[in-house]
Amino acid sequence: MAAGSDVTAAGYIQHHLQNLTFGYHPENGWSLAHGAEEAREMGFWAIHLDTMGWSIAMGVLFIWLFRKAGKLATTGVPGALQNAVEMIIEFVELTVRGAFHGKNPLIAPLALTLFVWIFLMNLLKLVPVDYAPELFARMGIEYMKLVPTTDPNATLGMAIGVFFLIIYYSCKVKGVGGFARELSLTPFNHWSLIPFNLVMEIIGLLVKPLSLGLRLFGNMFAGEVIFILIALLPFWAIWLLDVPWAIFHILVITLQAFIFTVLSVVYLSQAHEHH
Amino acid sequence: MNINMTLIGQTIAFAIFVWFCIKYVWPPISNALHERQKKIADGLDAASRASRDLELAQEQAEQTLRESKEQASQILEQAHKRSTQMVEEAREQARAEGERIVASARDEIEQEINRAKDDLRAQVSRLAVTGAERVLEASVDEKAHRKLLDELAAEL
């Protein structure tokens, strides 16, 4: 509780869960939002600077690290970095080979990007909850939510990317007609049930990205809230709960990144299959 | 926690990262991995081939050794035979030489005996003549009886 003793617990939690939002406010024009109320009033045409900034930073870190390993890659004895990178790549390749039954050179790099990027974004969660908001407050920036995956915009944004790929490959592999036939004639192959099938299948299709994004968001957000609640304890008691929870979250972080990746690959595999 | 443009921004960022990964990150590492796998497989292959070669070479070396040993013993035997032959020849030669020397010595002895016989005959005839002279005193003409005396000497 760095913000001072006059701040209430509810205010503290709200402050830590507020993104740094930049957008067009009906009264103030283009500006940073001061508080959740203003952010809500900005509507859709606003952007979370912290989510974008940290996610892009993690993405660039991923690209930089792996690009460096790729440049140094030798077929001889690998160095430490190459070893680590190769281990991750082999793991992803194995996973993709198990889940994806088809031939598409895009899938494995996609899975690698998803896995490492989400893992790195999740990893920011192990930074103590007060560090980033406090540090940026000192620099005059009011809000700073560090972990991009606790923002549904980020997780759903990635899920939408995967969704586009599902649609694209469904149309490419089966043809637009084939895809439409699949949507309208399964599970009941009868013309009178086409509307029913269509509703069912489209819901099924839309649920895929939604569940993908919301699962990651839900897990990360819940964990974050608990970290913040633990931070409300007296300072000498924090570590008692914080340490086990953080250790547990090392698992959750990796697991959620893995689940997002594998489910994306499975959905894309389904898109490649004929019925 | 509002849904806003961040959603679109994330999708775009996602697309860019995936594109970059496909283009620049995945190929070099994946290639290196597979190339190394191939290299290791080749190495193992070569090792097994080399051990097979070694076995073959060992076998060959053994055979060569065996052959050369055989040859050496053959040569030795030949040399042995030749040496005995040479000894035999030398012995034969020596014997022949010895016989020849003995024969020539015998001839010489014979000649010597004959000469001595002749000498003896002459002396005896002379002695006989001298004796006869003494007996007969000058009654006997040496010139007249020369022929008779020579015949007498030849009969001795």
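Being a predicted model, the structure only gives us computed values, none of them experimental. So you know, we letter chains A, B, ... as the sequences are listed, proteins then strands, and number each from 1.
- Within the 4.5 angstrom heavy-atom criterion, atoms from both the backbone and the side chain of A:A108 approach chain B.
- Summarising the local packing, CZ of A:F164 is surrounded by 12 or fewer heavy atoms from other residues, nucleotides or ligands at distances under 6.0 Å.
- Chain B forms the most heavy-atom pairs under 4.5 Å with one residue out of A:M42, A:R40, A:R67, and that residue is A:R67.
- The line from CD1 of B:I12 to CD1 of A:I160 is 11.0 Å long, rounded to the nearest 0.5 Å.
- Using a 4.5 Å heavy-atom cutoff, the side chains of B:N2 and A:F44 are not in contact.
- The closest donor-acceptor contact from the side chain of B:T11 to the backbone of A:G157 lies under 3.5 Å.
- The line from CD1 of B:I8 to CG of A:L156 is 12.5 Å long, rounded to the nearest 0.5 Å.
- For A:L114, the part lying near chain B is the side chain, with the backbone staying farther off; criterion is any non-hydrogen pair under 4.5 Å.
- A:F62 CZ to B:F20 CZ: the interatomic distance, rounded to the nearest 0.5 Å, is 10.0 Å.
- Taken to the nearest 0.5 Å, the OG1 atom of A:T113 stands 7.0 Å off from the CD1 atom of B:I22.
- Below 30°, between 30° and 60°, or above 60°: for A:W117 and B:F14 the angle between ring planes is below 30°, a parallel geometry.
- The CD1 atom of A:I56 sits 7.5 Å away from the CD1 atom of B:I16 when rounded to the nearest 0.5 Å.
- Scanning both residues, B:C21 and A:I63, for their nearest heavy atoms gives N-CD1, 4.2 Å.
- Atom CD in B:Q10 sits 9.5 Å away from atom OG1 in A:T149 (nearest 0.5 Å).
- The contact list for residues 24-59 of chain B toward chain A, using heavy atoms and a distance under 4.5 Å, reads B:Y24, B:V25, B:W26, B:P28, B:I29, B:S30, B:A32, B:L33, B:H34, B:E35, B:R36, B:Q37, B:K39 by residue number.
- Most heavy-atom pairs under 4.5 Å with chain B: of the set A:G70, A:G161, A:G43, A:A46, this distinction falls to A:A46.
- B:A15 does not touch chain A: none of its heavy atoms, backbone or side chain, sits under 4.5 Å away.
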